[in-house]
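See structure below.
Note that ligands are numbered from 1 as they come in the structure, with each ligand's atoms numbered from 1 the same way. Note that the coordinates shown come from a computational prediction; the quantities given were computed from them, not determined experimentally.
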Amino acid sequence: MAKRFDVAVVGGGIIGLAVAWRARQAGLSVTLLERQGTGEATSRVAAGMLAPVAEVEFGESGRRVLDLGLRSAALWRSFAAELEEASGIEVGLRRSGTLVVARDADEARELERQIAFRDSLDLSTERLLPSAARELEPALAPTLRLALQAPDDHSVDPRLVLAALRRACELHGVVVREHAPVAGVEYDGERVTGVRLEDGDSVLAGQVVLAAGAWTSDLGLPPGASIPVRPVKGQILRLRDPAGPGLLNGVVRFHGGYLVPRGDGRYVLGATMEERGQDLHPTAGGVYELLRDAHELVPGIEELQIEELSVGLRPSTPDNAPVIGPGALDGLVWATGHHRNGILLAPLTAELVARELTGAVAVS
Ligand SMILES: Cc1cc2nc3c(=O)[nH]c(=O)nc-3n(C[C@H](O)[C@H](O)[C@H](O)COP(=O)(O)OP(=O)(O)OC[C@H]3O[C@@H](n4cnc5c(N)ncnc54)[C@H](O)[C@@H]3O)c2cc1C
């Protein structure tokens, strides 16, 4: 007779892996089903900013994402330490803060509005004049007009996190199945019974977590039980300074993009935001815009070597807030729609979903 798992997690990105690890730690038997290799989709492309304060947006869903982001950011330090201990892989957590910069009068006016907004929310930020900003980051162009410092917005290397989560899952007994595309959720009346694979095989499970990122809406669910998740395309460059580290100390964000230093002479320059469906093609226009904007602010990037150009699809709901918690069927749990913040939100998502799965505390 086929083995029945307590939990089947669909999708092996940062969200699915983190959920599977936490659920297994909570004592549940867990299988994770990934249609390609784990960590090969959007999470691998992400820059790795842990930036709830720099990212905060106006409006109700902006507040909700901020609340989740601040809670998850507070977990990151211990999450990283625990993961490193469990896997033996360092995850590249850098606590170096973020500088948001304005390069002309229009951008400076907008940044003043953003500073006032963050002040109204009592967020920890500082308004910096150009001279003070350039003291922190001497590579910034002298034309800089204004800056906002978010000292608690940090960064991590998502590729190291994915490798560590994968290792931790395996060491803790999560049954990871790669190249196992899920065709749909199976249910009996109002209760899920497992998932159906594309090859016709079934996996029996008492609960099913949907963490299939930008492809979550493709999973066969009964009418009314699905949620709309659309892909938002992002193009991103990975650069290396042949002279070694030192061009930038912390994350620098500007209108249209950001530069994230890894601390070893490598930098991530991202990212476009494009509504192009499932299109994964990089474009000359996308790369041009990224390099043009970054070069205006950090002219020294012209010496950097290009290591990689990649494209990812952010899983995004209509209001761009994630969906974490129980679905319309008994035993169905959502962990998707993390849009621009899936790396930041991974620790909290995993904790909330594990609580839901064990019935410990209602997800809030
Ligand atoms: C350019 C770019 C930069 C970003 N930068 C940041 C950042 O700095 N900080 C931050 O917090 N976030 C960032 N993000 C957002 C972040 O990458 C995402 O929110 C996060 O990766 C989503 O994780 P996920 O596990 O839901 O999705 P994914 O990593 O896409 O994982 C989903 C997995 O599900 C699998 N899957 C899909 N369908 C099926 C199926 N039917 N059966 C089995 N498996 C299936 C896929 O193959 C995939 O491996 C960025 C995104 C982009 C595109």
Side-chain angles (χ1 to χ4, degrees), residues 8-20 31-52 54-55 65 68-69 72-73 76 98 153-159 161-162 165-166 176-185 195-198 203 208-220 229 231-238 251 253 257-260 268-274 278 280 282 286 290 309-317 320 322-324 334-350:
V9 177
V10 182
I14 193 163
I15 300 298
L17 285 165
V19 164
T31 184
L32 180 144
L33 304 151
E34 166 54 52
R35 67 172 177 184
Q36 38 187 44
T38 60
E40 288 181 1
T42 309
S43 304
R44 177 178 170 73
V45 170
M49 291 173 293
L50 309 174
E55 282 278 336
V65 175
L68 294 170
S72 204
W76 250 103
T98 293
D153 278 6
H154 302 305
S155 68
V156 72
D157 186 336
R159 294 181 180 182
V161 178
L162 288 164
L165 281 170
R166 167 68 200 250
V176 177
R177 284 180 66 178
E178 294 186 313
H179 308 290
V182 170
V185 175
V195 296
R196 189 175 63 262
L197 301 186
E198 275 182 13
V203 175
V208 173
V209 179
L210 299 183
W215 302 271
T216 306
S217 292
D218 301 344
L219 296 165
V229 178
V232 176
K233 176 179 175 183
Q235 304 187 45
I236 191 162
L237 281 162
R238 285 179 157 75
V251 176
R253 296 171 67 111
Y258 48 76
L259 272 161
V260 182
V268 181
L269 167 58
T272 63
M273 292 279 288
E274 303 167 66
Q278 303 276 357
L280 278 167
L290 289 176
L309 164 60
S310 40
V311 179
L313 300 177
R314 303 175 184 90
S316 309
T317 59
N320 294 331
V323 184
I324 306 166
W334 295 104
T336 190
H338 291 77
H339 190 49
R340 290 169 61 98
N341 292 298
I343 309 304
L344 167 66
L345 295 175
L348 181 67
T349 303

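- One distance of note links NE2 of H179 with OG1 of T38; it measures 9.0 Å at 0.5 Å rounding.
- Ligand 1 has no nitrogen or oxygen under 3.5 angstrom from a nitrogen or oxygen of W215.
- Heavy-atom contacts of L33 reach the following atoms of ligand 1: 43 (C), 44 (N) (cutoff under 4.0 Å).
- A salt bridge between R35 and E198 is absent, with no side-chain N of the basic residue lying under 4.0 Å from a carboxylate O of the acidic one.
- Protein heavy atom nearest atom 27 (O) of ligand 1, with residue, atom name and distance: G213 CA, 3.7 Å.
- Scanning A211, A73, G342, G270 for the heavy atom closest to atom 32 (C) of ligand 1 points to A211.
- Taking CZ of R238 as the reference point, atom CG of L309 lies at 10.5 Å (rounded to 0.5 Å).
- Near I14, the atoms of ligand 1 lying under 4.0 angstrom from a non-hydrogen atom of the residue are 23 (O), 25 (O).
- Considering each of A51, A183, S43, G39, the one bringing a non-hydrogen atom nearest atom 28 (P) of ligand 1 is S43.
- In this structure, atom 9 (N) of ligand 1 lies nearest to the protein heavy atom M49 O, 2.9 Å.
- Near Q36, with a cut-off below 4.0 Å to any heavy atom, the atoms of ligand 1 are 47 (O).
- When each atom of ligand 1 is checked for a heavy atom of I15 under 4.0 Å away, the hits are 23 (O), 24 (P), 25 (O), 26 (O).
- Below 3.5 Å of separation, one finds an N or O of A47 facing an N or O of ligand 1.
- Once rounded to the nearest 0.5 Å, the distance linking CG of N341 with CG of L68 reads 9.5 Å.
- The nearest heavy-atom contact from the protein to atom 2 (C) of ligand 1 is R314 NH2, 3.9 Å.
- With V156 as the fixed residue, the side-chain contact (heavy atoms from CB on, under 4.5 Å) test singles out one of L50, V260, L344: L50.
- For atom 44 (N) of ligand 1, the closest heavy atom belonging to the protein is R35 N, 3.1 Å.
- Looking at I15 and H338, their side chains come closer than 4.5 Å, going by heavy atoms from C-beta outward.
- The heavy atom nearest to atom 33 (C) of ligand 1, considering only E34, E55, R177, is found in E34.
- Close N/O approach between I343 and ligand 1 is found [any backbone or side-chain N/O within under 3.5 Å].
- At least one N/O-N/O distance between L344 and ligand 1 falls below 3.5 Å.
- Atom CD of E274 sits about 10.0 Å away from atom CG of L313, to the nearest 0.5 Å.
- Heavy atoms only, all atoms of each residue included: L162 and G39 are closest at CD1-O, 3.8 Å.
- The minimum heavy-atom distance between D153 and T98, with the atom names listed, is O-OG1, 3.0 Å.
- Within ligand 1, the atoms closer than 4.0 Å to a non-hydrogen atom of L219 are 41 (N), numbered from 1 in the order shown.
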Discussion item. Before you tell me yes or no, could you show the steps for V10 and L219 under side chain to side chain contact (heavy atoms under 4.5 Å, CB included), namely the whole-Å CA-CA distance, both residues' side-chain angles and the distance that decides it to 0.1 Å?
Written reply: CA-CA 10 Å; V10 182; L219 296 165; 4.1 Å; yes
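- Closest to atom 34 (O) of ligand 1 among all protein heavy atoms lies G11 CA, 3.3 Å.
- By the criterion of a heavy-atom distance under 4.0 Å, the backbone of R340, and not its side chain, is placed next to ligand 1.
- Protein heavy atom in closest approach to atom 50 (C) of ligand 1: A46 CB, 3.7 Å.
- Contact atoms of ligand 1 toward G312: 53 (C) (distance under 4.0 Å to a heavy atom of the residue).
- Under 4.0 angstrom from ligand 1, the non-hydrogen atoms of H339 all belong to its backbone.
- Which parts of ligand 1 touch A271 is read off a 4.0 Å heavy-atom cut-off, strictly below it: atoms 1 (C).
- The contact set between ligand 1 and G48, taken as ligand atoms under 4.0 Å from a residue heavy atom, comprises 7 (C), 8 (O).
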Fill in: Full working for side chain to side chain contact (heavy atoms under 4.5 Å, CB included) between Y258 and I236
CA-CA 10 Å; Y258 48 76; I236 191 162; 3.8 Å; yes
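- Residues P322 and L345 form a side-chain contact, since some pair of their non-hydrogen atoms from C-beta on lies under 4.5 Å apart.
- The closest approach between a heavy atom of A214 and any atom of ligand 1 is not below 4.0 Å.
- When A346, P315, P322 are ranked by how near their heavy atoms come to atom 22 (C) of ligand 1, first place goes to P315.
- Closest to atom 42 (N) of ligand 1, if we only count protein heavy atoms, is V182 N, 2.9 Å.
- Between the CG atom in L17 and the CG atom in L165 there is a gap of 5.5 Å [rounded to 0.5 Å].
- Here the heavy atom of the protein found nearest to atom 31 (O) of ligand 1 is G13 CA, 3.3 Å.
- A salt bridge links E178 with R166; the closest basic N to acidic carboxylate O contact falls under 4.0 Å.
- For the residue pair V323 and T317, the shortest heavy atom distance occurs at CG2-CG2, 3.7 Å.
- The CD atom of E40 sits 7.0 Å away from atom CD of E34, with the distance rounded to the nearest 0.5 Å.
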